[in-house]
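Quick note: numbers below take in every heavy atom, side chains included, and nothing from hydrogens, waters or symmetry partners. Reminder, nothing fancy here: chain letters follow the sequence lines and each chain counts from 1.
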Number of protein chains: 2
Amino acid sequence: MMPRWEPDGVGRLQAAAFELFAEQGFERTTVAEISRRAGLTQRTFFNHFADKREVLFGLGSEFQREIVRELVACAGTLPPLDAVVRALQAASDAMFEERRAVVKRRYEIIAANPELQERELRKQAELTDAIAAALRGRGLDPETALLTASAGMLVQQTAVRRWTQPAESRPLRELLSDALHSLRTIAAHATDQWVASPET
Amino acid sequence: MMPRWEPDGVGRLQAAAFELFAEQGFERTTVAEISRRAGLTQRTFFNHFADKREVLFGLGSEFQREIVRELVACAGTLPPLDAVVRALQAASDAMFEERRAVVKRRYEIIAANPELQERELRKQAELTDAIAAALRGRGLDPETALLTASAGMLVQQTAVRRWTQPAESRPLRELLSDALHSLRTIAAHATDQWVASPET
DNA sequence: GACGTTGATTGCACAAACTGAAATCAATGA
DNA sequence: TCATTGATTTCAGTTTGTGCAATCAACGTC
């Protein structure tokens, strides 16, 4: 019946941390403070999160599962990079599109602190690896898989950057298409001869 | 004449840290230990480096200056991405090519520790921004500049990854050309129609 | 040659991030 | 009834990182 503790300790810690980081910044917030607001102890915080940064990155693994799911579900006839961007579009529709405000505030928190930016970059790298693994599962060689996954994530970052800007109001799905188009244009802009190694 | 202290404290700290990280790993090495081996104190370590990770990233800023220098020096007629890869080739020739062994050991140390990987990613992001700034200086709009710089860094990472593998013996310059070619192939592999947004 | 300034280094005291180990105690189920 | 489970707590400890004042050889100036 009556549980021994208030439910959802993890959620309370995440919410408390989000509020405090937004109010007074990441550095000026201590783990003790977060835990106190959530009605828990510092030690409990570290039972749930490996470190102070990690509390902001709960959605990451969900997004990763979603993308990989979409990617393996997607028809194998599509060129790899298109398949990746398709999966990103589907996952973004499912998880980002309706939460623009929250996602944006979260990015502002991260943008305001170098440590958090580092962690964000690491999460993106892990996601890149997961996508590359899925592509290898489709038969791509490891090199191409990783390069394709990286290019896909580059498209994702470009699109999300615009999506979180005040002036922008178009759906993330469209911005992903645009970013892919931009990357293609930049990559195709010249022939290889300019950078060929001299007399190999 | 006789200096008050042994010369090059920074260099001694870097060397001591490099050795200890290689011997026993990053986590199992304390700052006190590094400082002791360098004949200095912990406090002095933190006078020179903002944190424990930073001691491994001294060359980063040099490489950044070198690339930007090459980039602004390079003829403005070249397509942006080609100019970036050209600059990377020049900088790599000047700073990496003859130190393969050291660079490789350094990457092994970084690969063995998540915290160091995060810092490495941050340095790459900073380098990306510096390249983008140089491209804006050439008249590119900010969006394209950042995307081009990111694509260039993707080429760089792909090339360096191969360069540090045991089987590989070709010069980094060539691997950069190859990686650029791979990226172009992947990007060009299909038309945009597949990912166009449905009935906007 | 006296003398003030500079600057790399140090000692000390301290906040905050993390960790390992043992203890608590409602809930659960056999 | 009773052993087990598991989220939470307490506590003691290590390590990272910082602020501040002090040291003292070297250096330039008068």
Side-chain angles (χ1 to χ4, degrees), chain A residues 1-21 23-58 109-110 112-120 122-123, chain B residues 1-21 23-58 109-110 112-120 122-123:
Chain A
M1 281 248 117
M2 179 157 169
R4 184 170 180 186
W5 294 284
E6 293 297 309
D8 195 18
V10 171
R12 271 150 52 215
L13 286 167
Q14 287 171 330
F18 196 95
E19 292 169 15
L20 287 166
F21 292 166
E23 287 170 18
Q24 51 187 353
F26 175 80
E27 306 161 49
R28 303 165 58 81
T29 304
T30 83
V31 172
E33 204 173 354
I34 298 168
S35 311
R36 212 179 310 125
R37 179 172 294 204
L40 294 168
T41 21
Q42 194 181 25
R43 191 65 185 83
T44 302
F45 180 97
F46 286 114
N47 283 341
H48 289 299
F49 306 103
D51 58 48
K52 185 181 163 188
R53 300 154 216 78
E54 202 65 20
V55 70
L56 257 185
F57 294 85
I109 293 173
I110 292 175
N113 182 271
E115 288 182 66
L116 290 174
Q117 291 172 49
E118 285 187 358
R119 180 56 50 87
E120 172 76 1
R122 168 166 153 192
K123 295 296 181 180
Chain B
M1 282 243 123
M2 179 157 171
R4 183 170 179 186
W5 294 285
E6 293 297 310
D8 196 18
V10 172
R12 273 150 52 216
L13 286 167
Q14 287 170 329
F18 195 97
E19 292 169 15
L20 287 166
F21 292 167
E23 287 170 18
Q24 52 188 351
F26 176 80
E27 307 161 50
R28 302 164 59 81
T29 304
T30 80
V31 173
E33 204 173 355
I34 298 168
S35 311
R36 211 179 310 127
R37 180 174 292 206
L40 293 169
T41 34
Q42 194 181 28
R43 191 64 187 83
T44 303
F45 180 97
F46 286 115
N47 283 342
H48 290 299
F49 306 103
D51 57 50
K52 185 180 163 188
R53 302 153 216 72
E54 201 64 20
V55 70
L56 259 185
F57 295 85
I109 293 174
I110 292 175
N113 182 271
E115 288 182 66
L116 290 175
Q117 291 172 50
E118 286 187 357
R119 181 56 50 86
E120 171 77 1
R122 168 166 154 190
K123 295 296 181 179

- Message: From CG of L116(A) over to C1' of dA17(C), roughly how many Å is that when rounded to an integer?
- Response: 14 Å
- Enumerate the residues from residues 24-37 of chain B whose closest heavy atom to DNA chain D is under 4.0 Å, giving them by residue number; use none for an empty result. T29(B), T30(B), V31(B)
- Item | Value in whole Å for how far the P atom of dT15(D) lies from CZ of F49(B) | 20 Å
- Message: For a 4.5 angstrom cut-off between non-hydrogen side-chain atoms, does L40(B) reach W5(B)?
- Response: no
- Got F45(A) and V55(A) here, is their nearest side-chain heavy-atom distance under 4.5 Å? yes
- Is there a side-chain contact between K123(A) and E54(A) (heavy atoms, below 4.5 Å)? yes
- Validation row: Q42(B), F46(B) side chains within 4.5 angstrom (heavy atoms): yes
- Item | Nucleotide dA16(C), atom C1' - distance to CG of L20(A) in whole Å | 16 Å
- For atom CZ of F45(A) and atom P of dT19(C), their distance in whole Å: 11 Å
- Task: Let me know the distance between CG of D51(B) and C1' of dA17(C), rounded to the nearest Å.
- Result: 13 Å
- Task: May I ask you to test the R119(B)-D51(B) pair for a side-chain heavy-atom distance under 4.5 Å?
- Result: yes
- Query: Do the side chains of R53(B) and E115(B) get nearer than 4.5 Å, heavy atoms only?
  - Reply: yes
- Message: Within the supplied structure, the quantity of interest is the number of heavy atoms (other residues, nucleotides, ligands) at a distance under 6.0 Å from E23(B) CD; does it exceed 12?
- Response: yes
- Message: Distance check needed: dA15(C) C1' versus F46(B) CZ, whole Å only.
- Response: 14 Å
- Do V10(A) and F49(A) touch side chain to side chain, with heavy atoms closer than 4.5 Å? yes
- Message: Rounded to whole Å, how long is the line connecting atom CD of E115(A) with atom C1' of dT16(D)?
- Response: 11 Å
- Item | Basic-acidic side-chain contact under 4.0 Å: R37(A), E19(A) | yes
What are the atom names and distances for every N/O pair under 3.5 Å that joins the protein to nucleotides 8-12 of chain D?
unit_1: dT8(D); atom_1: OP2; unit_2: H48(A); atom_2: NE2; d: 2.4
unit_1: dT9(D); atom_1: OP2; unit_2: T41(A); atom_2: N; d: 2.9
unit_1: dT9(D); atom_1: OP2; unit_2: T41(A); atom_2: OG1; d: 2.4
unit_1: dT9(D); atom_1: OP2; unit_2: T44(A); atom_2: OG1; d: 2.5
unit_1: dT9(D); atom_1: O5'; unit_2: T41(A); atom_2: OG1; d: 3.0

- Task: Take the protein atom CG of L13(A) and the nucleotide atom C1' of dA17(C), then report the distance between them rounded to whole Å.
- Result: 16 Å
